[in-house]
Amino acid sequence: MLVWMLRQVMAQKGVWTGAALARLLKEKAGYRLSAPSISALLTGQPKQMKAETLDALCTALDCTPNDLWVFTPDGNVAQGG
């Protein structure tokens, strides 16, 4: 299972609000996300994400996709055969 770690990464970088994240995205990555889009990223795990959004988040927060998504094996998932 993938676990979305955006809030934790933001906290490690001293970024505490969606507005601060929006500023970083604009300043460091030249990328704009609407307030509702940022809110959605902060309140839940995204079901899908554009590669350019992931790239902008990584640029703005000086991190990698591996920092934003953590894989944890889920014992309840049946393996195919």
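Heavy-atom basis, side chains included; hydrogens, waters and symmetry copies ignored. Since the structure is predicted, the reported quantities are computational estimates derived from the model, not experimental observations.
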Side chains of [X] and [Y]: closer than 4.5 Å at any heavy-atom pair?
X     : Y     : value
Met10 : Leu42 : yes
Leu21 : Leu57 : yes
Arg32 : Leu25 : no

Contacts of type side-chain contact (heavy atoms from CB on, under 4.5 Å), residue [X], not counting sequence neighbours:
X     : answer
Asp55 : Thr59
Arg23 : Ala19, Ala20, Glu27
Trp16 : Ala11
Ser39 : Thr43

Inset, instruction - Hey, could you give me the CD/SG distance between Gln12 and Cys63, rounded to the nearest 0.5 Å? - result: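 Gln12 CD to Cys63 SG: 9.0 Å, rounded to 0.5 Å.
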Legend entry - Set of side-chain hydrogen bond (donor to acceptor under 3.5 Å, both in side chains) partners for Thr17, sequence neighbours left out: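 Once residues adjacent in sequence are excluded, Thr17 has no partner under the side-chain hydrogen bond (donor to acceptor under 3.5 Å, both in side chains) criterion.
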Legend entry - Trace of the side-chain contact (heavy atoms from CB on, under 4.5 Å) decision for Leu41 with Trp4: CA-CA 9 Å; Leu41 289 175; Trp4 183 231; 4.0 Å; yes
Legend entry - Of all pairs that satisfy side-chain hydrogen bond (donor to acceptor under 3.5 Å, both in side chains), the ones with a partner from residues 60-73, not counting sequence neighbours: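 Output for this query lists Thr64-Asp67.
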Inset, instruction - Answer yes or no: is there a donor N or O on one side and an acceptor on the other, between the side chain of Gln45 and the main chain of Leu2, under 3.5 Å? - result: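 Side chain of Gln45 to backbone of Leu2: a pair is present.
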